[in-house]
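Reminder, nothing fancy here: chain letters follow the sequence lines and each chain counts from 1.
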Protein chains: 2
Amino acid sequence: MSDLLERLRTRGWRLTAQRRVVAEVLDGDHVHLTADEVHARAVSRLPEISRATVYNTLGELVILGEVLEVSTDGRAKRYDPNAHHSHQHLICSRCGTIRDVHPVGDPLAALSADERFGFAVSGAEITYRGLCPDCH
Amino acid sequence: MSDLLERLRTRGWRLTAQRRVVAEVLDGDHVHLTADEVHARAVSRLPEISRATVYNTLGELVILGEVLEVSTDGRAKRYDPNAHHSHQHLICSRCGTIRDVHPVGDPLAALSADERFGFAVSGAEITYRGLCPDCH
DNA sequence: GTGTTGACTTAGACAAAGTCCAAGCTAGGA
DNA sequence: TCCTAGCTTGGACTTTGTCTAAGTCAACAC
(Lines give C-alpha, C1' and ligand atoms only; values in the text may rest on other atoms or scores of the structure.)
Protein backbone atom coordinates (compact mmCIF):
# COMPACT_ATOMS: atom_id res chain seq x y z
CA MET A 1 0.00 0.00 0.00
CA SER A 2 2.90 2.38 0.72
CA ASP A 3 4.03 1.68 -2.85
CA LEU A 4 0.59 2.81 -3.99
CA LEU A 5 1.07 6.13 -2.21
CA GLU A 6 4.55 6.43 -3.67
CA ARG A 7 3.22 5.68 -7.17
CA LEU A 8 0.59 8.35 -6.76
CA ARG A 9 3.10 10.90 -5.53
CA THR A 10 5.28 10.43 -8.59
CA ARG A 11 2.18 11.11 -10.65
CA GLY A 12 1.78 14.51 -9.07
CA TRP A 13 -0.66 13.65 -6.29
CA ARG A 14 -0.51 15.77 -3.20
CA LEU A 15 -0.17 13.35 -0.31
CA THR A 16 -2.74 14.48 2.23
CA ALA A 17 -3.79 12.74 5.43
CA GLN A 18 -7.23 12.15 3.90
CA ARG A 19 -5.89 10.38 0.83
CA ARG A 20 -3.55 8.31 2.92
CA VAL A 21 -6.43 7.12 5.10
CA VAL A 22 -8.64 6.22 2.13
CA ALA A 23 -5.78 4.24 0.58
CA GLU A 24 -5.18 2.42 3.88
CA VAL A 25 -8.86 1.53 4.27
CA LEU A 26 -8.86 -0.02 0.80
CA ASP A 27 -5.85 -2.23 1.44
CA GLY A 28 -6.33 -6.00 1.32
CA ASP A 29 -7.71 -8.95 -0.64
CA HIS A 30 -11.38 -9.48 -1.42
CA VAL A 31 -12.10 -5.91 -0.32
CA HIS A 32 -15.24 -4.49 -1.94
CA LEU A 33 -16.45 -1.59 0.17
CA THR A 34 -19.10 0.96 -0.73
CA ALA A 35 -18.17 4.65 -0.60
CA ASP A 36 -20.14 4.96 2.63
CA GLU A 37 -18.29 2.03 4.19
CA VAL A 38 -14.98 3.55 3.16
CA HIS A 39 -16.10 6.82 4.71
CA ALA A 40 -17.16 5.14 7.96
CA ARG A 41 -13.79 3.40 8.31
CA ALA A 42 -11.89 6.51 7.32
CA VAL A 43 -13.74 8.55 9.94
CA SER A 44 -12.61 6.17 12.67
CA ARG A 45 -9.01 7.07 11.81
CA LEU A 46 -9.50 10.70 10.83
CA PRO A 47 -12.74 11.99 12.33
CA GLU A 48 -13.00 15.19 10.30
CA ILE A 49 -12.77 13.58 6.85
CA SER A 50 -15.78 14.50 4.72
CA ARG A 51 -17.92 12.38 2.42
CA ALA A 52 -17.04 14.60 -0.52
CA THR A 53 -13.34 13.90 -0.08
CA VAL A 54 -13.94 10.16 0.06
CA TYR A 55 -15.95 10.35 -3.17
CA ASN A 56 -13.32 12.56 -4.79
CA THR A 57 -10.46 10.30 -3.77
CA LEU A 58 -12.20 7.11 -4.86
CA GLY A 59 -13.03 8.70 -8.20
CA GLU A 60 -9.41 9.71 -8.71
CA LEU A 61 -8.13 6.26 -7.80
CA VAL A 62 -10.51 4.78 -10.36
CA ILE A 63 -9.35 7.18 -13.07
CA LEU A 64 -5.72 6.41 -12.24
CA GLY A 65 -6.46 2.71 -12.61
CA GLU A 66 -5.52 1.89 -9.02
CA VAL A 67 -9.01 0.84 -7.96
CA LEU A 68 -11.91 -0.75 -9.83
CA GLU A 69 -15.51 0.32 -9.59
CA VAL A 70 -17.88 -2.63 -9.29
CA SER A 71 -21.63 -2.16 -9.65
CA THR A 72 -23.34 -5.49 -9.46
CA ASP A 73 -26.64 -4.89 -7.78
CA GLY A 74 -27.87 -1.46 -8.77
CA ARG A 75 -27.27 -0.23 -5.24
CA ALA A 76 -24.13 1.56 -4.13
CA LYS A 77 -21.00 1.07 -6.20
CA ARG A 78 -18.20 -0.90 -4.59
CA TYR A 79 -14.49 -0.19 -4.80
CA ASP A 80 -12.02 -2.99 -5.44
CA PRO A 81 -8.32 -2.28 -4.81
CA ASN A 82 -7.23 -5.43 -6.67
CA ALA A 83 -6.97 -3.54 -9.97
CA HIS A 84 -3.59 -4.88 -11.10
CA HIS A 85 -4.66 -8.53 -11.27
CA SER A 86 -7.36 -9.14 -13.85
CA HIS A 87 -10.21 -10.97 -12.15
CA GLN A 88 -13.96 -11.49 -12.02
CA HIS A 89 -16.45 -11.63 -9.14
CA LEU A 90 -18.41 -14.34 -7.36
CA ILE A 91 -21.31 -13.03 -5.28
CA CYS A 92 -23.56 -14.74 -2.75
CA SER A 93 -27.17 -14.26 -3.80
CA ARG A 94 -28.31 -14.24 -0.19
CA CYS A 95 -25.78 -12.32 1.89
CA GLY A 96 -23.95 -10.36 -0.79
CA THR A 97 -20.43 -11.54 0.06
CA ILE A 98 -18.06 -10.92 -2.85
CA ARG A 99 -14.95 -12.95 -3.74
CA ASP A 100 -12.42 -12.24 -6.46
CA VAL A 101 -12.14 -15.21 -8.83
CA HIS A 102 -9.95 -16.11 -11.80
CA PRO A 103 -11.77 -18.09 -14.50
CA VAL A 104 -9.58 -19.82 -17.09
CA GLY A 105 -9.60 -18.85 -20.76
CA ASP A 106 -10.59 -15.67 -22.57
CA PRO A 107 -14.28 -14.79 -22.26
CA LEU A 108 -14.12 -12.80 -25.52
CA ALA A 109 -13.44 -16.02 -27.43
CA ALA A 110 -17.01 -17.14 -26.71
CA LEU A 111 -18.46 -14.25 -28.72
CA SER A 112 -18.54 -15.03 -32.44
CA ALA A 113 -18.09 -12.33 -35.06
CA ASP A 114 -21.75 -12.17 -36.05
CA GLU A 115 -22.76 -11.83 -32.39
CA ARG A 116 -20.67 -8.66 -32.11
CA PHE A 117 -22.97 -6.42 -34.16
CA GLY A 118 -20.00 -4.55 -35.59
CA PHE A 119 -18.70 -3.55 -32.16
CA ALA A 120 -14.96 -3.39 -31.44
CA VAL A 121 -15.19 -5.55 -28.30
CA SER A 122 -12.47 -4.79 -25.80
CA GLY A 123 -13.33 -6.55 -22.56
CA ALA A 124 -15.78 -8.58 -20.52
CA GLU A 125 -16.90 -8.49 -16.90
CA ILE A 126 -18.31 -11.69 -15.44
CA THR A 127 -20.41 -11.88 -12.30
CA TYR A 128 -20.86 -15.41 -11.00
CA ARG A 129 -23.76 -15.90 -8.62
CA GLY A 130 -24.49 -18.61 -6.10
CA LEU A 131 -24.76 -19.33 -2.39
CA CYS A 132 -21.72 -19.02 -0.17
CA PRO A 133 -20.81 -21.76 2.35
CA ASP A 134 -22.51 -19.84 5.18
CA CYS A 135 -25.79 -19.47 3.26
CA HIS A 136 -26.51 -23.00 2.18
CA MET B 1 -46.98 -9.74 -25.65
CA SER B 2 -50.69 -10.64 -25.38
CA ASP B 3 -49.53 -14.10 -24.29
CA LEU B 4 -47.54 -12.41 -21.55
CA LEU B 5 -50.70 -10.74 -20.26
CA GLU B 6 -52.58 -14.03 -20.52
CA ARG B 7 -49.80 -15.82 -18.61
CA LEU B 8 -49.94 -13.22 -15.89
CA ARG B 9 -53.73 -13.45 -15.61
CA THR B 10 -53.58 -17.18 -15.06
CA ARG B 11 -51.15 -16.48 -12.25
CA GLY B 12 -53.73 -14.32 -10.50
CA TRP B 13 -52.67 -10.91 -11.76
CA ARG B 14 -55.39 -8.32 -11.98
CA LEU B 15 -55.24 -6.98 -15.50
CA THR B 16 -55.33 -3.22 -15.14
CA ALA B 17 -54.85 -0.60 -17.82
CA GLN B 18 -51.59 0.45 -16.13
CA ARG B 19 -50.08 -3.03 -16.19
CA ARG B 20 -51.16 -3.52 -19.78
CA VAL B 21 -49.41 -0.31 -20.81
CA VAL B 22 -46.18 -1.19 -18.99
CA ALA B 23 -46.15 -4.60 -20.66
CA GLU B 24 -46.74 -3.01 -24.07
CA VAL B 25 -43.92 -0.52 -23.59
CA LEU B 26 -41.50 -3.34 -22.79
CA ASP B 27 -42.32 -5.34 -25.92
CA GLY B 28 -39.54 -5.89 -28.46
CA ASP B 29 -35.95 -7.04 -29.02
CA HIS B 30 -32.89 -5.32 -27.59
CA VAL B 31 -35.17 -3.29 -25.32
CA HIS B 32 -33.36 -2.07 -22.19
CA LEU B 33 -35.29 0.86 -20.78
CA THR B 34 -34.82 2.51 -17.41
CA ALA B 35 -37.82 2.78 -15.09
CA ASP B 36 -38.06 6.47 -15.95
CA GLU B 37 -38.04 5.75 -19.67
CA VAL B 38 -40.76 3.15 -19.19
CA HIS B 39 -42.73 5.70 -17.24
CA ALA B 40 -42.30 8.38 -19.93
CA ARG B 41 -43.55 6.05 -22.65
CA ALA B 42 -46.37 4.75 -20.49
CA VAL B 43 -47.51 8.31 -19.78
CA SER B 44 -47.85 8.99 -23.49
CA ARG B 45 -50.43 6.22 -23.67
CA LEU B 46 -52.02 6.62 -20.25
CA PRO B 47 -51.31 10.12 -18.93
CA GLU B 48 -52.36 9.52 -15.34
CA ILE B 49 -50.07 6.54 -14.65
CA SER B 50 -47.81 7.18 -11.68
CA ARG B 51 -44.14 6.49 -11.19
CA ALA B 52 -44.92 4.29 -8.19
CA THR B 53 -47.08 2.00 -10.32
CA VAL B 54 -44.37 1.67 -12.94
CA TYR B 55 -41.85 0.71 -10.25
CA ASN B 56 -44.33 -1.72 -8.68
CA THR B 57 -45.18 -3.34 -11.98
CA LEU B 58 -41.57 -3.67 -13.09
CA GLY B 59 -40.67 -5.19 -9.73
CA GLU B 60 -43.47 -7.73 -10.03
CA LEU B 61 -42.49 -8.66 -13.57
CA VAL B 62 -38.94 -9.26 -12.36
CA ILE B 63 -40.12 -11.47 -9.48
CA LEU B 64 -42.34 -13.43 -11.86
CA GLY B 65 -39.35 -13.99 -14.12
CA GLU B 66 -40.91 -12.22 -17.11
CA VAL B 67 -38.39 -9.37 -17.17
CA LEU B 68 -34.71 -9.15 -16.22
CA GLU B 69 -33.17 -6.37 -14.22
CA VAL B 70 -29.84 -5.23 -15.68
CA SER B 71 -27.58 -2.91 -13.71
CA THR B 72 -24.40 -2.38 -15.61
CA ASP B 73 -23.29 1.15 -14.87
CA GLY B 74 -24.30 2.02 -11.34
CA ARG B 75 -26.88 4.44 -12.69
CA ALA B 76 -30.55 3.55 -13.19
CA LYS B 77 -31.43 -0.12 -13.54
CA ARG B 78 -32.65 -1.26 -16.95
CA TYR B 79 -35.44 -3.70 -17.67
CA ASP B 80 -35.00 -6.40 -20.30
CA PRO B 81 -38.14 -8.23 -21.51
CA ASN B 82 -36.08 -10.95 -23.21
CA ALA B 83 -36.12 -13.11 -20.07
CA HIS B 84 -37.03 -16.42 -21.69
CA HIS B 85 -33.93 -16.61 -23.90
CA SER B 86 -30.72 -16.87 -21.88
CA HIS B 87 -28.37 -14.16 -23.10
CA GLN B 88 -25.66 -11.72 -22.13
CA HIS B 89 -25.09 -8.04 -22.90
CA LEU B 90 -22.74 -6.06 -25.12
CA ILE B 91 -22.52 -2.37 -24.24
CA CYS B 92 -20.95 0.54 -26.07
CA SER B 93 -18.48 2.27 -23.75
CA ARG B 94 -19.18 5.63 -25.35
CA CYS B 95 -22.90 5.90 -26.09
CA GLY B 96 -24.29 3.18 -23.85
CA THR B 97 -26.17 1.24 -26.52
CA ILE B 98 -26.97 -2.28 -25.32
CA ARG B 99 -27.34 -5.40 -27.47
CA ASP B 100 -28.38 -8.87 -26.38
CA VAL B 101 -25.69 -11.41 -27.33
CA HIS B 102 -25.36 -15.18 -27.15
CA PRO B 103 -21.83 -16.39 -26.38
CA VAL B 104 -21.13 -20.06 -27.02
CA GLY B 105 -20.33 -22.51 -24.23
CA ASP B 106 -21.04 -22.49 -20.52
CA PRO B 107 -19.32 -19.66 -18.63
CA LEU B 108 -19.46 -21.69 -15.40
CA ALA B 109 -17.06 -24.24 -16.92
CA ALA B 110 -14.29 -21.63 -16.74
CA LEU B 111 -14.45 -21.51 -12.93
CA SER B 112 -12.47 -24.34 -11.38
CA ALA B 113 -13.52 -25.97 -8.11
CA ASP B 114 -10.86 -24.28 -6.00
CA GLU B 115 -11.83 -20.89 -7.42
CA ARG B 116 -15.39 -21.34 -6.13
CA PHE B 117 -14.56 -20.88 -2.42
CA GLY B 118 -17.19 -23.44 -1.42
CA PHE B 119 -20.01 -21.54 -3.15
CA ALA B 120 -22.83 -23.41 -4.92
CA VAL B 121 -22.45 -21.44 -8.14
CA SER B 122 -25.69 -21.22 -10.09
CA GLY B 123 -25.20 -18.70 -12.86
CA ALA B 124 -23.07 -16.04 -14.51
CA GLU B 125 -23.79 -12.67 -16.06
CA ILE B 126 -21.36 -11.39 -18.66
CA THR B 127 -21.10 -7.79 -19.76
CA TYR B 128 -19.02 -7.33 -22.89
CA ARG B 129 -17.75 -3.81 -23.51
CA GLY B 130 -16.52 -2.11 -26.63
CA LEU B 131 -17.32 0.60 -29.17
CA CYS B 132 -20.38 0.30 -31.36
CA PRO B 133 -20.20 0.93 -35.14
CA ASP B 134 -21.45 4.51 -34.70
CA CYS B 135 -18.80 5.34 -32.07
CA HIS B 136 -15.59 4.26 -33.77
C1' DG C 1 12.83 27.80 8.46
C1' DT C 2 9.45 30.86 6.06
C1' DG C 3 6.39 32.37 2.49
C1' DT C 4 3.55 31.45 -1.43
C1' DT C 5 0.25 29.32 -4.17
C1' DG C 6 -2.58 26.20 -6.43
C1' DA C 7 -4.42 21.99 -5.27
C1' DC C 8 -7.14 19.93 -1.72
C1' DT C 9 -10.88 19.67 1.80
C1' DT C 10 -15.08 20.96 3.96
C1' DA C 11 -20.15 21.48 5.05
C1' DG C 12 -24.13 21.72 3.18
C1' DA C 13 -27.23 22.32 -0.70
C1' DC C 14 -28.76 19.85 -4.49
C1' DA C 15 -30.01 15.94 -7.74
C1' DA C 16 -31.22 11.30 -9.36
C1' DA C 17 -33.18 6.89 -8.49
C1' DG C 18 -36.01 4.37 -5.85
C1' DT C 19 -39.21 3.16 -1.71
C1' DC C 20 -43.09 3.74 1.31
C1' DC C 21 -47.63 5.11 2.88
C1' DA C 22 -52.46 6.39 3.59
C1' DA C 23 -56.35 7.28 0.95
C1' DG C 24 -59.12 6.36 -2.91
C1' DC C 25 -60.34 3.42 -6.97
C1' DT C 26 -61.60 -0.76 -9.61
C1' DA C 27 -61.36 -5.68 -11.75
C1' DG C 28 -63.44 -9.58 -11.33
C1' DG C 29 -65.99 -12.86 -8.59
C1' DA C 30 -70.52 -13.66 -5.98
C1' DT D 1 -75.22 -5.00 -9.45
C1' DC D 2 -72.46 -5.08 -5.39
C1' DC D 3 -68.36 -6.05 -2.69
C1' DT D 4 -63.82 -6.22 -1.52
C1' DA D 5 -59.09 -7.45 -1.89
C1' DG D 6 -55.84 -5.84 -4.58
C1' DC D 7 -54.24 -1.95 -7.31
C1' DT D 8 -53.09 2.95 -8.04
C1' DT D 9 -52.01 7.58 -6.69
C1' DG D 10 -49.34 11.77 -5.10
C1' DG D 11 -46.25 13.06 -2.18
C1' DA D 12 -43.03 12.46 1.50
C1' DC D 13 -38.95 10.20 2.39
C1' DT D 14 -34.36 7.58 1.79
C1' DT D 15 -30.14 6.43 -0.39
C1' DT D 16 -26.44 7.41 -3.23
C1' DG D 17 -23.86 10.61 -5.38
C1' DT D 18 -22.49 15.52 -7.27
C1' DC D 19 -21.48 20.38 -6.92
C1' DT D 20 -19.98 24.82 -4.95
C1' DA D 21 -17.88 28.56 -2.42
C1' DA D 22 -14.90 29.36 1.17
C1' DG D 23 -11.17 27.99 3.89
C1' DT D 24 -6.80 25.05 4.51
C1' DC D 25 -2.36 23.09 3.64
C1' DA D 26 1.50 20.16 0.97
C1' DA D 27 5.18 20.99 -1.62
C1' DC D 28 8.25 23.89 -3.74
C1' DA D 29 11.43 28.05 -3.90
C1' DC D 30 14.23 30.76 -1.39
Report task. Carefully, step by step, assess A:T16 and A:R19 under the rule side chain to side chain contact (heavy atoms under 4.5 Å, CB included). Result -> CA-CA 5 Å; A:T16 64; A:R19 289 174 165 179; 3.4 Å; yes
### Working for side chain to side chain contact (heavy atoms under 4.5 Å, CB included), residues B:Y79 and B:V70
CA-CA 6 Å; B:Y79 293 88; B:V70 185; over 6 Å; no
Sort me out a list of protein N/O and nucleotides 5-7 of chain D N/O pairs below 3.5 Å, or just none if empty.
{"unit_1": "D:dA5", "atom_1": "N3", "unit_2": "B:R14", "atom_2": "NH1", "d": "3.4"}
{"unit_1": "D:dG6", "atom_1": "O4'", "unit_2": "B:R14", "atom_2": "NH1", "d": "3.4"}
{"unit_1": "D:dG6", "atom_1": "N2", "unit_2": "B:R14", "atom_2": "NH2", "d": "3.2"}
{"unit_1": "D:dG6", "atom_1": "N3", "unit_2": "B:R14", "atom_2": "NH1", "d": "3.4"}
{"unit_1": "D:dC7", "atom_1": "OP1", "unit_2": "B:R19", "atom_2": "NH1", "d": "3.0"}
{"unit_1": "D:dC7", "atom_1": "OP1", "unit_2": "B:R19", "atom_2": "NH2", "d": "3.3"}
{"unit_1": "D:dC7", "atom_1": "O5'", "unit_2": "B:R19", "atom_2": "NH2", "d": "3.4"}

All N/O contacts under 3.5 Å from nucleotides 11-15 of chain C to the protein, with atom names and distances to one decimal?
none

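Ion pairing between a basic and an acidic side chain is recognised when a charged N comes within 4.0 Å of a carboxylate O; B:R99 and A:E115 show no such pairing. B:E37 and B:R78 are joined by a salt bridge, as a carboxylate oxygen and a charged side-chain nitrogen come within less than 4.0 angstrom of each other. For A:R11 and A:E6, the salt-bridge test fails: no basic side-chain N is under 4.0 Å from an acidic carboxylate O. Taking a cutoff of 4.0 Å between a charged side-chain nitrogen and a carboxylate oxygen, B:R7 and B:E66 qualify as a salt bridge.
Residue B:C92 comes nearest to B:L131 through the heavy atom pair SG-CA, 4.0 Å, listed as atom of the first residue, atom of the second, then distance.
Summarising the geometry, the separation between CG on A:N56 and P on D:dT16 is reported as 18 Å, rounded to the nearest angstrom. A:L46 places its CG atom 13 Å from the C1' atom of C:dC8, with the value rounded to the nearest Å. Remark: P of D:dT18 and CG of A:L58 are 10 Å apart, rounded to the nearest angstrom. In this structure, A:H39 places its NE2 atom 15 Å from P of D:dT18, rounding to the nearest Å.
If one axis is set at each end of the helix from C:dG1-D:dC30 to C:dA30-D:dT1 from five pairs, those axes are 30° apart, to 10°.
Contact annotation: A:Y55 side-chain N/O to D:dG17 OP1/OP2 distance is under 4.0 Å.
Of the residues B:N82, B:I91, B:D80, the one that meets the side chain to side chain contact (heavy atoms under 4.5 Å, CB included) test with B:H32 is B:D80.
In terms of position along DNA chain C, the nucleotide closest to B:K77 lies nearer the 5' end than the nucleotide closest to the other residue of the pair B:K77 and B:R20.
In A:H84, the NE2 atom is crowded: over 12 heavy atoms of neighbouring residues, nucleotides or ligands sit closer than 6.0 Å. The local environment of CG in B:D106 is crowded, with over 12 non-hydrogen atoms from other residues, nucleotides or ligands closer than 6.0 Å.
For the pair B:S44 (side chain) and B:R41 (backbone), a donor-acceptor distance under 3.5 Å is present.
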